[in-house]
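Each remark here refers to the structure printed beneath this line.
Letters go in sequence order (proteins before strands), and every chain restarts at 1. These figures come from a predicted structure and were not determined experimentally.
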Amino acid sequence: MEGVIALYIVMLAAFTGYEIIARVPVILHTPLMSGSNFVHGIVLVGAMVALGRADTVPEQVIGFVGVVLGAGNAVGGYVVTERMLQMFKASGQKKKESA
Amino acid sequence: MSGLLPENVATLAIDFSYLLVAFLFIMGLKAMSSPVTARRGIVVAGFGMLIGTLMSFLYPGMGNFPLMLAAIAIGGGLAWWSGRIVAMTDMPQMIALYNGMGGGAAAAIAAVELLRMAAADPAAGAHHGPVVTTLAAAGAFIGSVSFSGSLIAFGKLQGLIKRSLRFKGQQTANLLITAATVALGAAIVVSGHPSMQMVVGFFALALLLGVTMTLPIGGADMPVVISLYNAFTGLAVAFEGFVLENAAMIIAGIVVGSAGTLLTQLMAKAMNRSLANVLFSNFGEGAAAATEGVSGSLKPIEPSDAGVMMAFAQKVIVIPGYGMAVAQAQHKVWELCQLLIDRGVMVRFAIHPVAGRMPGHMNVLLAEAGVPYDLIADLDEINAEFDTADVALVIGANDVVNPVARTDKSSPIYGMPILNADKAKNVLVIKRGQGAGFSGIENHLFYLDNTRMVYGDAQKVAAELIHAVKAAG
């Protein structure tokens with residue numbers, strides 16, 4: 001990949017990340033952190049490539065560990081985020097009673 | 001070795017699928033910034049992850065597929081199972097654990113690359129240029145620190161590591177380890193053909209740094225640490241993305257890195273401390289002097305009387321803290337609040353940004369109990385309302401309601417934004433014992449004339465309060 005283009009990608013992605021989280025209500029801090037924790041689980045695809053191209057036994061062992069860890073990050077991050085977000089709900093009619 | 005598709009077709013398909021992955025991740029995260037669309041957000045991002053993973057099987061020149069599938073099944077299976085069964089109160093350590101795994105995976109990618117460089121024939125020319133090697137090494141460093149650091153954070157939150165290990169010259173030691181790791185990393189880059197010992201030593205030092213950096217950090221600083229390591233893993237993933245020329249990893253990693261850095265700053269600001277202060281200072285030192293100037297006494301009250309006080313209040317503001325999480329009292333607390341609401345009492349929950357052990361910890365617990373999120377207010381919204389509250393009910397929170405943060409310049413927490421519970425007409429504090437908070441600072445709120453202490457486990461006390469409110473008729 002061209003070096004300068006890669007830098008453009010980095011800059012734009014950094015702004016995107018900043019903008020996404022800048023206006024998030026405190027109530028969603030945990031799911032958002034956990035959601036971004038899930039998103040960096042994309043490291044799994046890198047680990048798959050590392051393992052897929054491994055020739056020697058040490059490389060295979062480390063690649064294997066990498067894929068196990070990456071899959072854990074992706075799946076675990078998804079499961080806990082989804083569980084947490086499932087619980088957030090507005091009060092609907094209850095709100096009128098308490099207001 | 002050839003892949004499943006012709007090489008050029010596969011590469012094109014992968015490139016475009018990664019574009020889609022990046023799009024879905026960003027849309028997903030964006031949707032997660034509002035409680036209404038948040039649930040959809042994680043599903044969208046999850047769809048992106050699925051596409052990215054499936055398409056990556058098409059990479060040209062890959063082998064070891066049985067190993068790969070086995071690894072995905074093991075890692076994914078264990079994470080699925082643990083993520084399903086973990087209690088909401090234990091969420092901080094699980095997130096730390098999954099995050100550490102991501103850092104470890106990034107470090108593993110770098111390890112494979114660096115080992116290949118070490119094993120390569122020096123006569124054949126450098127395997128990677130210096131820029132790529134630098135990025136690989138930087139990702140390895142950050143990823144390793146995030147891995148071992150998150151594991152220590154997990155151990156501490158899970159209660160496996162009880163003490164905060166501190167020794168004299170700890171900062172110097174950390175600095176030396178950092179310097180040694182960076183020097184070794186630089187040597188690897190410069191040589192282009194590092195020896196096996198150099199690579200192993202580099203990783204060992206980086207992993208050690210994560211341990212020594214995290215061990216001294218105490219409970220209430222955990223939100224900052226977890227958030228920081230999340231940003232670290234993001235960066236490490238982005239760096240390894242450069243090495244592998246993988247656009248999806250670069251974009252996702254940088255987005256998380258920048259979002260995580262911002263969140264870390266927000267957390268540190270909510271404690272009125274700099275990030276460096278959280279990481280490198282031994283909080284609680286020199287706090288002993290702060291006990292001076294406490295006037296008045298701790299005035300205990302029976303739960304039955306406290307219940308009556310709330311039953312006949314017009315407005316009650318509940319301030320939950322880590323003590324509520326420890327006692328798993330969130331369900332009982334909500335039951336109590338529902339009773340009050342049914343009696344016509346106005347109930348609000350006030351959440352301090354660093355209450356608990358991770359950002360937003362209390363919100364998650366209250367959501368689990370079924371508290372609608374529109375009853376929950378954060379610091380800026382609620383602070384003006386304490387003047388009109390009849391009762392502020394503090395449940396296992398301490399430093400975040402300590403008025404010395406406003407008044408006593410010599411206090412270590414001076415300047416930290418707090419919830420102004422002391423402005424309420426009456427303050428009820430549910431607390432396990434008479435000890436000081438995490439910071440070791442005496443809480444002047446507890447000694448005020450309008451404060452009453454209810455001693456006991458938060459869940460038990462909440463049950464007794466429910467009883468009292470029901471009896472109040």
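Within the 4.5 Å cutoff, the side chain of A/V43 has no heavy atoms near those of the B/E240 side chain. Contact of the A/Y18 side chain with the B/V255 side chain is not registered, since no non-hydrogen atoms from C-beta on lie closer than 4.5 Å. Counting only heavy atoms from C-beta outward, the side chains of A/N73 and B/N99 never approach each other to under 4.5 Å. Residues B/V256 and A/F38 are not in side-chain contact: their nearest non-hydrogen atoms beyond the backbone lie 4.5 Å or more apart.
With a threshold of 4.5 angstrom between heavy atoms, B/L114 does not approach chain A through any atom at all. Only the side chain of A/L28 has a heavy atom closer than 4.5 Å to any heavy atom of chain B. Proximity to chain B (any heavy atom under 4.5 Å) is shown, for A/I62, by both the backbone and the side chain. Proximity to chain A is limited to the side chain of B/M91, based on heavy atoms less than 4.5 angstrom apart. B/T261 does not touch chain A: none of its heavy atoms, backbone or side chain, sits under 4.5 Å away.
Taking all atoms of both residues into account, the shortest heavy-atom contact from B/H361 to A/T30 is N-OG1, 3.3 Å.
The existence of a salt bridge linking B/R39 and A/E82 is confirmed by a sub-4.0 Å separation between a basic side-chain nitrogen and an acidic carboxylate oxygen.
Taking CE of B/M32 as the reference point, atom CE of A/M84 lies at 10.0 Å (rounded to 0.5 Å). Atom CG of B/N246 sits about 10.5 Å away from atom CE of A/M48, to the nearest 0.5 Å.
With respect to chain B, the highest number of heavy-atom pairs below 4.5 Å among A/G77, A/G72, A/A50, A/G66 belongs to A/G72.
Using a 3.5 Å distance cut-off with no hydrogens or angles, the side chains of A/S36 and B/N230 do pair a donor with an acceptor.
The closest donor-acceptor contact from the side chain of A/R83 to the backbone of B/V86 lies under 3.5 Å.
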